[in-house]
Amino acid sequence: MNNNVELERLRSDFKLIDDLMEQKHVLWLNENRNPHKNIEGITMEEVEDAANRLQRFSSYIIEAFPETALEGGIIESEVKEIAAMKKLIEGRRAIHIPGRLFLKCDHALPISGSIKARGGIYEVLKHAETLAIKAGKLSESDDYALIHREEMRDFYKQYKIAVGSTGNLGLSIGIISAKLGFQVDVHMSADAKDWKKDLLRSLGVNVIEYEQDYSVAVEQGRKEAAADPYCHFIDDENSKDLFVGYAVAALRLQKQLANQLIQVNADHPLFVYLPCGVGGGPGGVAYGLQQIFGEHVHIFFGEPTQSPCMLLGMMTGLHDQISVADIELTNKTEADGLAVGRPSKFVGSIMESILSGCYTVDDAFLFRSLKAMMEQENIFMEPSAHAGVFGPIQIVCEGQEYLEKHGLYDKMEQAVHVVWSTGGNMVPEEMRQIYLQTEK
Ligand SMILES: *Cc1c(COP(=O)(O)O)cnc(C)c1O
């Protein structure tokens with residue numbers, strides 16, 4: 001749909017498109033949000049099942065990644081209040097953010113330092129379990145530490161895992177798959193940083209580079225994998241396993257909030273802000289949270305001004321039938337994890353009744369936030385992860401309509417805002433210094 005007539009029609013149907021084309025910071029509110037609507041095609045039993053599977057794998061994870069021993073082989077991050085950062089934002093912007101501000105620290109997830117350590121690792125583990133059980137080498141009641149044995153690595157060697165990625169999913173899949181013994185092909189889009197490719201190659205991963213963006217890398221990977229019966233393709237655009245793996249985060253967050261005596265109910269709304277690329281990570285988390293907290297959770301996705309693919313797909317209802325190029329955006333952003341021009345239809349459809357809205361944020365904000373978070377909280381998060389930080393600002397400055405509609409105005413002082421920090425710990429020191437000195 002690349003012709004001018006279509007674009008003119010879109011612009012007249014959706015007034016926000018002009019602002020998107022001018023790369024303004026926009027807030028789109030989802031008129032179809034309906035927390036009581038039944039979601040088809042996925043259930044919380046499947047999410048519980050995934051949580052149990054990850055529990056079964058915990059003894060293997062401890063063996064293979066000893067740094068996870070303290071947490072019992074469970075890949076999880078803390079929720080941390082960031083009061084100093086909140087104060088800085090309020091001062092700089094001359095605004096008041098009612099309620100408390102927390103950071104969900106997925107930048108510090110063990111093994112691969114990003115939100116992809118949830119879904120990505122989960123899908124590979126599930127595949128590994130299925131293969132081993134089928135071959136009679138494992139049963140659910142075994143101690144899964146046995147998977148770390150050399151004979152199991154030899155078994156997995158005959159199989160291949162493939163994935164297309166802008167970087168972090170490739171890292172996650174590459175690290176866990178190589179550890180298990182699989183052959184791995186990672187199809188990397190042009191946005192992927194060199195250090196990620198170098199790291200993967202050092203682990204014996206076959207990295208295939210593309211000069212095009214994410215959609216092309218995924219498509220190519222999917223094609224090559226389809227031709228090989230021993231190859232399992234991790235489909236970032238369509239995978240339910242990935243989605244379910246991400247959704248486990250919601251069960252964990254529920255416990256973490258309860259442990260910190262943080263209530264979520266009609267008088268204590270929970271706002272969650274998630275950076276969004278193709279949608280799987282934030283979508284999975286959003287699904288889980290919505291199932292648990294219902295109408296009391298308000299979920300917003302943040303995207304770069306050049307890559308608002310989920311916003312565009314959901315607002316128009318066209319999902320993967322529209323790309324940011326169709327509204328003359330470049331999909332060029334330093335937020336490499338979010339450099340996706342076309343959203344997942346699978347995820348967008350599930351989000352139709354769940355999501356509160358989407359907003360856009362420019363790269364300049366991401367770098368200012370990166371520096372401020374380091375100075376105020378001594379926390380390093382990669383540029384993509386800072387798309388979440390803009391959420392509370394956008395709600396305070398532009399969210400009046402939403403707060404009014406949901407009767408939230410007089411409850412906001414009891415609100416809890418959770419900014420989902422999606423990546424950062426794997427970024428090498430030299431890159432961190434470059435990011436810290438970048439001013440856009
Ligand atoms: C992948 C990624 C996201 C977004 O996840 P999607 O599943 O692509 O929507 C956000 N932040 C970082 C750092 C990522 O790597």
Side-chain angles (χ1 to χ4, degrees), residues 77 103-109 111-123 163-175 186 188-189 191-193 196 213-215 217-218 234-247 249 272-287 299-304 307-311 313-314 319-320 331 333-348 350-351 355 358 361 366 369-370 380-391 419-427 431 435:
S77 72
L103 193 68
K104 178 62 178 155
C105 297
D106 277 9
H107 60 273
L109 278 176
I111 303 182
S112 70
S114 82
I115 189 170
K116 307 300 193 306
R118 298 184 182 279
I121 289 178
Y122 172 72
E123 180 161 348
V163 65
S165 171
T166 59
N168 284 341
L169 185 63
L171 264 190
S172 224
I173 303 282
I175 292 170
V186 174
M188 285 285 207
S189 68
D191 319 278
K193 301 289 178 210
K196 296 183 183 177
D213 77 1
Y214 163 87
S215 303
V218 172
I234 310 260
D235 193 331
D236 200 13
E237 291 173 330
N238 300 299
S239 167
K240 192 165 158 183
D241 285 338
L242 268 182
F243 190 86
V244 164
Y246 288 122
V272 182
Y273 310 97
L274 292 135
C276 181
V278 72
V285 173
Y287 167 78
I299 302 165
F300 293 87
F301 288 177
E303 296 179 291
S307 311
C309 68
M310 188 57 78
L311 191 166
M314 290 195 63
H319 296 300
D320 62 351
N331 192 26
T333 167
E334 280 298 319
D336 47 340
L338 313 180
V340 178
R342 205 181 279 279
S344 160
K345 180 184 183 188
F346 161 67
V347 175
I350 298 177
M351 289 303 107
L355 206 62
C358 297
V361 55
L366 304 180
S369 176
L370 187 150
F380 177 83
M381 296 152 54
E382 62 187 88
S384 298
H386 287 274
V389 181
F390 195 62
V419 166
W420 211 282
S421 169
T422 45
N425 264 20
M426 298 282 284
V427 178
M431 274 307 288
Y435 283 147

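Counting starts at 1 for both ligands and their atoms, following the listed order. Predicted model, so just to flag it, every value in this text is computed and none were measured.
Using a 4.0 Å cut-off to heavy atoms of Lys116, the atoms of ligand 1 that qualify are 1 (C), 2 (C), 3 (C), 5 (O), 14 (C), 15 (O). Atoms of ligand 1 found under 4.0 Å from any heavy atom of Pro275, numbered from 1 in the order shown, are 4 (C), 10 (C). Heavy-atom contacts of Asn168 reach the following atoms of ligand 1: 13 (C), 14 (C), 15 (O) (cutoff under 4.0 Å). Each of the atoms 13 (C) of ligand 1 lies under 4.0 Å from some heavy atom of Glu382.
For NZ of Lys193, the number of neighbouring non-hydrogen atoms (other residues, nucleotides, ligands) closer than 6.0 Å is greater than 12.
For atom 4 (C) of ligand 1, the nearest protein heavy atom (residue, atom name, distance) is Gly277 N, 3.5 Å. The protein non-hydrogen atom at the shortest distance from atom 10 (C) of ligand 1 is Leu338 CD2, 3.4 Å. Looking only at protein heavy atoms, the nearest one to atom 12 (C) of ligand 1 is Thr422 OG1, 3.4 Å. Of all protein heavy atoms, the one lying nearest to atom 5 (O) of ligand 1 is Pro282 CD, 3.5 Å. Atom 8 (O) of ligand 1 has its closest protein heavy atom at Val278 N, 3.1 Å. In this structure, the protein non-hydrogen atom closest to atom 7 (O) of ligand 1 is Gly281 N, 2.8 Å.
The aromatic rings of Phe243 and Tyr287 sit tilted, their planes meeting at an angle between 30° and 60°.
In this structure, Asp236 and Leu242 have side chains that are in contact, with non-hydrogen atoms separated by less than 4.5 Å.
A side-chain donor-acceptor contact under 3.5 Å links His386 to the backbone of Met381.
Within the structure, ligand 1 lacks Ser114 among the residues with a heavy atom less than 4.0 angstrom away.
Checking Ser307 against Asn331 by side-chain atom types alone, a donor-acceptor pair falls below 3.5 Å.
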